[in-house]
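Have a look at the structure below before the remarks.
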Amino acid sequence: MLAYGFDMGIVIAIDGPAGAGKSTIARRLAEQLGFTYIDTGAMYRAVALWALRQKLEPTDMHRMEQLAQAASIELATETNRIILNGEDVSEAIRQPEISEAASRVAAIPAVRRSMVAKQREIAENANVVMEGRDIGSVVFPDARVKIFLDADPGERVRRRAGQAGEPDTAAVHRQLAERDHRDRTRAEAPLAQAPDAIYVDSTNLSIDDVLEALLKLVRARMTNGKVYH
Ligand code: DC
């Protein structure tokens with residue numbers, strides 16, 4: 001592990017579409033750096049799960065706003081568990097219907113405001129590798145390092161279908177394309193590469209290759225005259 005002699009509050013932002021490898025890469029990068037890994041998609045998923053359980057219509061903006069504000073979401077980073085209102089929902093939020101619902105609730109501006117505030121609060125007292133869709137563009141426009149991790153749609157479908165053990169790749173393709181389209185075209189904080197983000201195409205790279213490339217980038221940006229060992 002690399003121990004950097006830095007103050008708290010360093011942010012490494014990793015954005016990109018579903019299936020590009022963000023979670024795996026961000027988690028491993030955080031481990032290597034001794035930073036805290038934050039999966040912001042899990043936060044939107046937790047809000048979506050609660051809304052579904054409450055039978056809330058995503059179009060009911062007012063109640064969605066209240067629900068997002070009231071949600072207690074803990075990211076237990078050591079154990080990689082997601083706790084919603086005291087309940088471990090780590091598995092529940094990975095269901096396909098929650099992926100779809102999360103993408104819908106994430107388009108609601110008031111929901112985003114609540115989540116962004118929580119994300120900024122987390123980074124006040126920690127060095128973080130934070131992954132999502134708008135981390136480098138909106139949440140932390142001054143992040144120390146910004147990566148936009150992408151891959152060909154076909155490869156992203158293969159990875160997602162593999163992870164989910166889902167043989168029907170046509171269905172996965174449809175779901176992913178729909179979600180991507182919604183995430184990229186929504187009015188508020190759409191998925192977009194920040195102008196100063198580094199574009200990394202992981203289509204033909206192994207996880208280790210991507211990790212190595214990112215570690216090089218991070219080292220170059222972070223040493224900045226300071227010492228690390
Ligand atoms: O990363 P993920 O697939 O778990 O994210 C679930 C949904 O949440 C995704 O479709 C878009 C949304 N999301 C977002 O809008 N902004 C983020 N920072 C993270 C996720």
Side-chain angles (χ1 to χ4, degrees), residues 11 13-23 26 37-75 82-85 89-123 128-141 143 146-150 153 156-157 160 163-164 172 174-194 197:
V11 176
I14 303 188
D15 292 300
K22 295 189 305 294
S23 300
Y37 162 62
I38 305 293
D39 171 3
T40 61
M43 300 171 74
Y44 290 96
R45 285 171 181 270
V47 170
L49 176 69
W50 199 18
L52 276 185
R53 285 179 174 175
Q54 299 292 315
K55 308 214 168 2
L56 255 189
E57 287 295 328
T59 45
D60 187 342
M61 303 278 180
H62 183 60
R63 290 194 62 203
M64 281 304 308
E65 177 174 11
Q66 289 176 331
L67 183 137
Q69 278 174 1
S72 154
I73 302 169
E74 290 166 59
L75 305 174
I82 316 296
I83 315 295
L84 168 69
N85 303 328
V89 294
S90 313
E91 277 81 34
I93 61 167
R94 299 295 160 196
Q95 302 309 311
E97 67 270 23
I98 303 298
S99 305
E100 152 87 24
S103 168
R104 287 183 190 281
V105 306
I108 301 173
V111 170
R112 301 203 69 82
R113 271 197 298 281
S114 273
M115 295 304 111
V116 169
K118 287 181 207 278
Q119 289 152 15
R120 290 184 178 148
E121 209 177 290
I122 293 170
V128 297
V129 177
M130 196 174 280
E131 60 128 323
R133 304 293 190 286
D134 61 337
I135 309 305
S137 54
V138 172
V139 187
F140 292 106
K146 297 181 190 180
I147 310 289
F148 192 87
L149 190 61
D150 204 356
R156 295 195 284 113
V157 168
R160 266 299 137 99
Q163 273 168 4
V172 175
R174 255 194 327 276
Q175 287 152 9
L176 211 68
E178 208 178 288
R179 195 145 74 90
D180 267 4
H181 179 72
R182 193 182 301 115
D183 295 344
R184 286 181 200 272
T185 57
R186 68 180 174 225
E188 183 93 1
L191 166 64
Q193 182 181 348

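Note that the structure is a prediction, hence the values are computed from the model and not measured. What you see below is based on every heavy atom in this structure, not just the backbone, and it leaves out hydrogens, waters and symmetry mates. Nothing fancy with the numbering, it's 1 onward along the sequence.
In this structure the side chain of Ile93 never reaches within 4.5 angstrom of the side chain of Tyr44, judged on heavy atoms. Using a 4.5 Å heavy-atom cutoff, the side chains of Arg186 and Ser103 are not in contact. Within the 4.5 Å cutoff, no side-chain heavy atoms of Asp134 are placed close to those of Glu188. No side-chain heavy atom of Val138 sits less than 4.5 Å from a side-chain heavy atom of Arg112. Two residues are said to be in side-chain contact when any heavy atoms from C-beta on lie closer than 4.5 Å; Asp60 and His62 meet this criterion. The shortest distance between side-chain heavy atoms of Val105 and Met64 falls below 4.5 Å. The shortest side-chain heavy-atom distance between Pro190 and Thr185 does not fall under the 4.5 Å cut-off. Between Leu176 and Pro153, the closest side-chain pair of non-hydrogen atoms is not below 4.5 Å.
To the nearest 0.5 angstrom, Ile135 atom CD1 is 11.0 Å from Lys146 atom NZ. With values rounded to the nearest 0.5 angstrom, Gln193 atom CD is found 11.0 Å from Leu149 atom CG. Note: Asp183 CG to Glu178 CD = 11.0 Å, rounded to the nearest 0.5 Å. Annotation: the span from Gln95 atom CD to Leu49 atom CG amounts to 9.5 Å, rounded to 0.5 Å. A distance of 4.5 Å separates CH2 in Trp50 from CG in Leu67, rounded to the nearest 0.5 Å. Summarising the geometry, atom OG1 belonging to Thr40 is positioned 10.5 Å from atom CE belonging to Met115; distances are rounded to the nearest 0.5 Å.
With hydrogens and angles ignored, the 3.5 Å screen pairs no side-chain donor or acceptor of Ser137 with any backbone N or O of Ala194. The backbone N or O of Gly136 lies less than 3.5 Å from a partner atom in the side chain of Asp15, making a donor-acceptor pair. One N or O on the side chain of Lys22 and one on the backbone of Gly16 form a donor-acceptor pair closer than 3.5 Å. At least one donor-acceptor pair under 3.5 Å links the side chain of Asn85 to the backbone N or O of Ser72.
Of the N and O atoms on the side chains of Arg63 and Gln66, not one donor lies less than 3.5 Å from an acceptor on the other residue.
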Next item on the list: Starting from the C-alpha separation in whole Å, work towards a yes-or-no answer on side-chain hydrogen bond (donor to acceptor under 3.5 Å, both in side chains) for Glu65 and Ser114.
Entry: CA-CA 8 Å; Glu65 177 174 11; Ser114 273; over 6 Å; no
Note to self: Checking Leu75 against Ile82 for the side-chain contact (heavy atoms from CB on, under 4.5 Å) test, could you report, in this order, the C-alpha distance in whole Å, the side-chain angles of both residues, the deciding distance, and whether it holds?
What the structure shows: CA-CA 5 Å; Leu75 305 174; Ile82 316 296; 3.6 Å; yes
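When all heavy atoms of Ala46 and Leu84 are compared, the closest pair comes out as O-CD2, 3.6 Å. Closest non-hydrogen pair, Arg156 versus Gly19, comes out as CG-O, 3.5 Å. In terms of heavy atoms, Ala101 sits closest to Leu52 at CB-CD1, 4.2 Å. Here the shortest heavy-atom pairing between Asp180 and Ala18 reads OD1-N, 4.0 Å.
Ionic pairing of Arg94 and Asp39 is present here: one or more N-O contacts between side-chain nitrogen and carboxylate oxygen are shorter than 4.0 angstrom.
For the salt bridge (Lys or Arg N to Asp or Glu O under 4.0 Å) test with Glu100, the passing option among Arg182, Arg174, Arg179, Arg45 is Arg182; the others fail.
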